[in-house]
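To start, the structure under review is shown below, and the notes come after it.
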Amino acid sequence: MSPELLNVLEVMLNGLLAGVMYSLVALGFVLIYKASGIFNYAQGVMALFAALTLVGFQTGQIPFAHVINTMFGTHVETWGPGVPTFLAIILTIGVMVLFAYLVERVVLKHMVNQAPIILFMTTIGLAYFMEGFGDLMWGADIKTMDVGLPSGASTWFETTTASWAAEGSNYPGMYVDMLDVSAAGIAILLVVVLTLFSQYTKTGRALRAVADDHQAALTVGISLRTIWVIVWSIAGCVALVAGIMWGAKSGVQFSLSLIALKALPVLILGGFTSIPGAIVGGLIIGVGEKLFEYSIGGMLGGATENWFAYGLALFFLMFRPQGLFGERIIERV
Amino acid sequence: MDHQSDTFPKLLNDNAQRFASRVAMREKDYGIWQSWTWAQMREEIVALANGLAALGFQRGDKLAIVGSNRPRLYWGICAAQCLGGIPVPVYQDSVADEMQYVLEHAEAKFVIAEDQEQVDKMLEIQERCPNMHHIIYDDPRGMRSYRHDHLHDFTEVQALGREFVKEHPEYVNQEIAKGQGSDISIFLYTSGTTGKPKGVVMTYDNIIMTARNSANFDKLTQYEEVLSYLPMAWVGDHIFSYGQAYVAGFCINCPESESTISTDLREIGPTYYFAPPRVFENILTTVTIRMHDAGKLKQRMYNYFMDVARKTGVKILNGESVGFSDKLLYSLGNVLVYAPLKNTMGFSRIRLAYTAGEAIGPEIFDFFRSLGINIKQLYGQTEAAVFITMQPDGQIFADTVGVPAPGVDVKIAENGEVIYRGPGVFHSYYKNEQSTRETKNTEGWVFTGDAGYFAENGHLKIIDRIKDVGRFNDGSMFAPKYIENKLKFFPHIKEAVAFGHERDYCTAFINIDLEAVGNWAERNNVPYASYQELAGNPQVYQMMLKSIEEVNRSLASDKLLSNSQIHRFLILHKELDPDDGELTRTRKVRRRIIAEKYGVLIDALYNGSKQCFIRTEVTFEDGRKGAIEANLHLMDVPTFTPVKEAA
Amino acid sequence: MAEPTQDGRKIGGTLLEVKNITLSFGGVKALTDISFDIKEGEIRAIIGPNGAGKSSMLNVISGFYHPQQGEVWFRGQKRASMRPYEVARQGIARTFQNIALFKGMSTLDNLMTGRITHMHKNLFWQAIWKGPAEREEIAHRERVEHIIDFLGIQAIRKTPVGRLPYGLQKRVELGRALAAEAKLLLLDEPMAGMNLEEKEDMCRFILDVNDEFGTTIALIEHDMGVVMDLSDRVVVLDYGKKLADGTPNEVRNDPAVIEAYLGVGH
Amino acid sequence: MLYRESGDFKTSYSADQQTFPIRLDRHMVYGILAFAFLVVPFLINDYWEKSVLLPFLVWAMAALGLNILTGFCGQVSLGTGGFMAVGAYACYKLMVAFPWLNMFVVVILAGLITAMVGVLFGLPSLRIKGFYLAVATLASQFFLIWLFNKVPWFYNYSASGMIAAPERTLLGIPVTGAEAPPWMTYLFCLTLVTVFAFIAHNLVRGRIGRSWMAIRDMDIAAEIIGVPPLKAKLSAFAVSSFYIGMSGAMMFALYLGSAEPSDSFGIAKSFLVLFMIIIGGLGSILGSFLGAAFLTLLPVLLKNIMVGGFGWPPDLAAHLELLLIGALIMFFLIVEPHGLAQLWRVTKERLRLWPFPH
């Protein structure tokens, strides 16, 4: 195969891996939207907060250190060497479940049957709140995420692809980061677990019932509140996984919360209510972005990624207003 | 002023000059207040007058007015007067037969009816009124397919008039010039407590001179705003919304419909207001009921400042000097309670409010005066063109009706009956020489039929109708109205009928006020399905008992009527209703009919029995007849030994 | 060539005609080969059991559904494929089976929205407001006030429609349709869910509208008593097909109708 | 309690439909305007102008624009920041190309240009609704910001990529640039905002406003009774973008003096304006002002209290401020989802019914 083709392949492969990351975040959105009709903009910030908490536990950081220092003039930093990664993950999951419980108890309880736009705005309020809270709790400096995932260029990939190249072309082989591969693996695993959960378990079915109509679900005896706590906890864990992956790739910092904006076009493509839609949508966007940048992007001055996804989604919307897998919206008079 | 105009058409011409561009009349229609200036009104009336002439209206013909307060119906009155005719307004909510008697008695040749409802009544009684030739309607809705030759649309008649004036430009002006003060200006049929209504004939002098005297007495100007909502056939409305309006030149506002009177009252904010006591009573009841539902804080504030008002409000209104702290507290109360309360009632701009027709309860009277509303009492009747006695500013008391009106002499005849003489005394009863002679003697004195006496401060005090004033078996005076009024001053008692003539002691029937008692029942979650069930409820009996005891205590201290305290009472199982003939149109008790209908109950009251069965015939809203039965409780009331005069 | 009916109303030529209308939703046939006409000035009833296709036919007439086959002729012209608002502009107004009022606006504003097809002042004049735009607004406000007076809803003029009881909302919706001063008025079950007194009022309104404004009315209704009294001609639908078409009496005695709709031994 | 309405009756439809039918409201509003136009210019200093009054006026204009689109026409848009950028850059290019042009004309022209761009990005609204439309407007947001970053023509090939407002005078007094006296810039913005607020009110209460609200409440029924959806939605996008474009031009020329696409007009600004109209009150002109006031004055207040009062380090204060704003937004959406305007309507109703219960 000619080097150009290989280069294209490489770009597509990286696109696919990036796509997996997008669909991972999109998954969190879909879960909450399916179960509560809320388009949770705070999913991105939850990922940031989860990552910060995890790093905090790993490095033994004292929460609200900065606040305590200014209040009492102390200079305390850490309480000890920190906790092994595995335990830190368990603790973070605990924190996220607590967070889900609090959100339902304080905020969502009052918001039953509110207009979607009002619910959407509440989650933006929640995002602002979490951001401020996260910075106060763990400080705003950039942290490195290390959970022992293999990283760095994968030599295996490099050698096999190099052999595909035609003799005599000095094609160096594809550069693929092991981190992306492992991230893809975990993501696929997570998707399988979640699809099984929502299709076949009792709570899964209750979750889908609530998504259709709050009141109808209430009438058949589904406790809306417990379902919401469960859903937000699962979304919290998905956010943690996304936080770990993105954190390992580009460090735990504020920009991580912007990945929510990346997930939006994925949701458009895949439709707000279908899990397979989120996965396929993410992959299409990932590949599309990289390909567009690789081919035409250069001429337009580069960095087209941040708007291309939206352009593609918009183009799609014109033909199928409810996205790839969403149900067809029929309006009655 | 030089030679003053002595008829309403002449006054119309004066006003069209001096107040040409001032608004004379407004009507809430299609969402806003349509208005007509005096000049425009004159043009509309003259066009109508010409139209009537074109239809053959002669001098002396009668024109009946049937409908609620509409500008076009007021113009009908003046148009008839322009042609030397006589307008005859009729109560719009009386049934067809009652109207038939009045129209036939007055030989009305023309009728101006408000809408389809009134026109249908006219068509129903047409054969039995041979004199009725033309019916003119104001609101054409629903009558497109009516095919009657003598039925005309108001605007068609005016168009006819504008044609007629082309050939006879000066006809109407000549007719107006012929008119003079002594001509007959209007027939006003009294509701008449007994027998058929009597047609009171009033001349222009009667109405205009009384209107002028009363306008000067109260310094009315052309800037007054009046809401006219009372029946046009009632002398009160004719004086306030027609007589005084033409004399002083102020503006009349007609509400959109009967159901929107309270919102229209609030929008207009009249400066000069007239209402019978029952209207003021309803306002007070609604205020108290709505305040019961207010929050605790608001209620406490309301009650606190109402006490302040009760102490100082009346004095401040009368201009008496009050301590600085009271004045300060009152002005604070004004911002917080009184002004907003007046605003919700529509009374913010009131300069002068009159009440008449029946006695008004002292606390109702003081409630409004303490808010700073200058409410005054007057005593009068149709035969006097309203004013017999009036309360001058500064001498306002709750239980008296004031000093003789300007130009009116008032005396007490030997049998205690109030008699009077003055410019407002009516010409005669139409086609009823015999009653005219009975009511008006040769020197012009009119016998009011009311018993009363002059209190020490020279103010007249009315006790009761002379023919109802009876004697207990022990000879002392029995005045049923006086006792009934004291009972009706309580918000939860709507109507009361007292008995005692040629009896040993006084007893009474009580009618509860469904709205007030119903609201009390809701708040104390007392269940009731019907008026009858609520009326028979023992707790309600206890409430009535407490009120009657209070009346007895106040009667005990009254020097003339101390021993007419109430010994026994019962609560009627149905509301006394004009449709059943138990009350007149203006809700005055018809004693003879009640005595016949409820004889068995009255006997039970006097033979000491505790229970009594009664079966009464009732007419429902849609005219169907039916009967309701009930077992009524009778109850005794403790009485008090009369307080001997100290001096 | 309008022959007056007994009570003096003029019934003119054909105002609207539907020819061989077939409408299906993805395989499900809602209407099959239906033709009937509506004459100028008459009250035309469309009756049939639930699911017979009455509302679908109304939606075809008002341009909301486009039939797979068949044509709609309005005032002598074949209707080209039009957007619903263009159909409204031609002079067809309607009410909806379950009330479609604008909850965020007051009764008055809802009625004024009915007059949208008659108001034309552009954005620029609206911005300045004083002058032509305000004059147009006042002229249309007066016409709406006459409708408010006609329906007797003065007291609720400024209340948001969301707060009104069901009966009044139905009346406001009729008012909005009247405000459009349309040639043809489509009423989709105007008396559904009403008590006797409200039904009597609504019948009187419909008769008055037809009598005083001369508006042609197409009426969908279940209450047979109402249909028989009000309508000049009736078309009966059943399972998307036309069962009968004629005067109320003809329809009542038509065996097919009796058997299918009114129940045997009516 | 303060309302005295009896006697305030209407004898003509124009009186009945006027902006403030109740006498007290009329007096209150004219009083406030008189105070703003006649008294404040003399008391104003640089701090008040730059950190309180100008931001309030700029954001009020933006909130007015978005309220027309989202509050009255029901089309949710997250592209406000991008459209403000279009306004700013259009203003910059106009100022550079036509130095002699009066500043009012420049700002209005910038608004018109943005209106055209708005209509372009409004086209998708014909087929898609609700969230999908919100995300489609996000496309315009990112695309516009990318455009102004990448295409040098917009910033006149300046090295830093920033644009700065050259000095312009009005009646001899500098209104843009460094030497512009605080009262001049304040009065300039105040006139613009007042005039266009009344225009917005006129649009909203007339035929166009009703067709917008019809589309918002039930767009199918609106189309069937004769409201052309294309004209209504695009006119809403056009008018809304016109206001937002003007606010962008005012922000660049008078408030900041210079601008850089991604931080002054980023996605955060779109959310900020959306917060303003939600907290202020969707579908109410007054709501736009209340929301703008709330979200511009609150941070200033918090900063003064925390940094000035408690002496905390500014970064801690910034985090706490973010946290408090987020909490307040959630609190508001729970307590009064219809915003401050609804709170004011209920209080007014209570005052008119005083002393009776509401």
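Model, not experiment: these values are computed from the prediction. All chains are named by letter (A, B, ...) in the order of the sequence lines, taking the proteins before the strands, and each is independently numbered beginning at 1.
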### Query
Using non-hydrogen atoms only, which part of D:Val204 is less than 4.5 Å away from chain C: side chain, backbone, both, or neither?
neither
### Message
Can you tell me which of C:Gly114, C:Pro84, C:Gly104 forms the most heavy-atom pairs within a distance under 4.5 Å of chain D?
### Response
C:Pro84
### Query
How long is the gap from OG on D:Ser14 to CZ on C:Arg135, to the nearest 0.5 Å?
11.5 Å
### chain D contact via C:Arg176 - side chain, backbone, both or neither, heavy atoms under 4.5 Å
side chain
### C:Thr117 OG1 to D:Ile225 CD1 distance, which is reported to the nearest 0.5 Å
8.5 Å
### Within 6.0 Å of CZ in D:Arg4, more than 12 heavy atoms from elsewhere
yes
### Query
Rounded to the nearest 0.5 Å, how far apart are CE of C:Met112 and OG of D:Ser211?
12.0 Å
### Task
Give, as side chain, backbone, both or neither, the part of D:Ala238 having an atom under 4.5 angstrom from any heavy atom of chain C.
neither
#### Entry: Contact origin within C:Asn122 toward chain D - heavy atom pairs under 4.5 Å
backbone
### Query
Above 12 or not: heavy atoms from other molecules or residues under 6.0 Å from NE2 of D:His338?
no
### Task
Counting only heavy atoms closer than 4.5 Å, note whether C:His140 contacts chain D via side chain, backbone, both or neither.
neither
### Message
To the closest 0.5 Å, what do you measure between CD1 (D:Ile220) and CG (C:Asn59)?
### Response
10.5 Å
### Task
Examine distances only and state if a side-chain atom of C:Arg89 and a backbone atom of D:Gly226 form a donor-acceptor pair shorter than 3.5 Å.
yes
### Query
What is the distance from atom CE of D:Met218 to atom CZ of C:Phe96, rounded to the nearest 0.5 Å?
8.5 Å
### Query
Which region of C:Ala127, side chain (C-beta onward) or backbone (N, CA, C, O), has a non-hydrogen atom less than 4.5 Å from a non-hydrogen atom of chain D, or is it both or neither?
both
### Part of D:Arg216 lying under 4.5 Å from any heavy atom of chain C
side chain
### N-O pairing of C:Glu137 and D:Arg210 below 4.0 Å
yes
### Task
Just do the salt bridge (Lys or Arg N to Asp or Glu O under 4.0 Å) check on D:Asp16 and C:Arg157 with the steps written out, would you?
CA-CA 12 Å; D:Asp16 185 54; C:Arg157 184 178 283 117; over 6 Å; no
### Task
Report the C-alpha separation of D:Asp217 and C:Lys103 in whole Å, then their side-chain angles, then the decisive distance to 0.1 Å, and conclude whether the salt bridge (Lys or Arg N to Asp or Glu O under 4.0 Å) test is met.
CA-CA 6 Å; D:Asp217 287 343; C:Lys103 295 276 184 299; over 6 Å; no
### Summary
Cut-off 4.5 Å, heavy atoms of chain D, and the answer for C:Thr113 is both
## Note on the structure
Under 4.5 Å to a heavy atom of chain D? For C:Ile128 that would be backbone
### Message
Is there a side-chain contact between C:Leu123 and D:Leu203 in this structure, where contact means two heavy atoms from C-beta onward sitting under 4.5 Å apart?
### Response
yes
### Query
Taking every heavy-atom pair that is under 4.5 Å apart, which of C:Arg141, C:Lys130, C:Met105, C:Glu136 has the most such pairs with chain D?
C:Arg141
### Task
Taking the six-membered ring of C:Trp129 (Phe, Tyr or Trp), confirm whether the NZ or CZ of D:Arg205 is under 6.0 Å from its centre and within 45° of its axis.
yes
### Task
Taking the side chain as every heavy atom from C-beta outward, state whether D:Asn202 and C:Gln126 have any pair of such atoms under 4.5 Å apart.
no
### Query
What distance do C:Arg83 atom CZ and D:Glu223 atom CD have between them, rounded to the nearest 0.5 Å?
4.5 Å
### Side chain proximity check, D:Pro228 to C:Glu86, heavy atoms < 4.5 angstrom
no
### Message
Please evaluate residues C:Glu134 and D:Tyr13 with respect to the criterion side chain to side chain contact (heavy atoms under 4.5 Å, CB included), reporting the C-alpha separation (whole Å), side-chain torsions for both, the decisive distance (0.1 Å), and the verdict.
### Response
CA-CA 10 Å; C:Glu134 183 172 35; D:Tyr13 286 126; over 6 Å; no
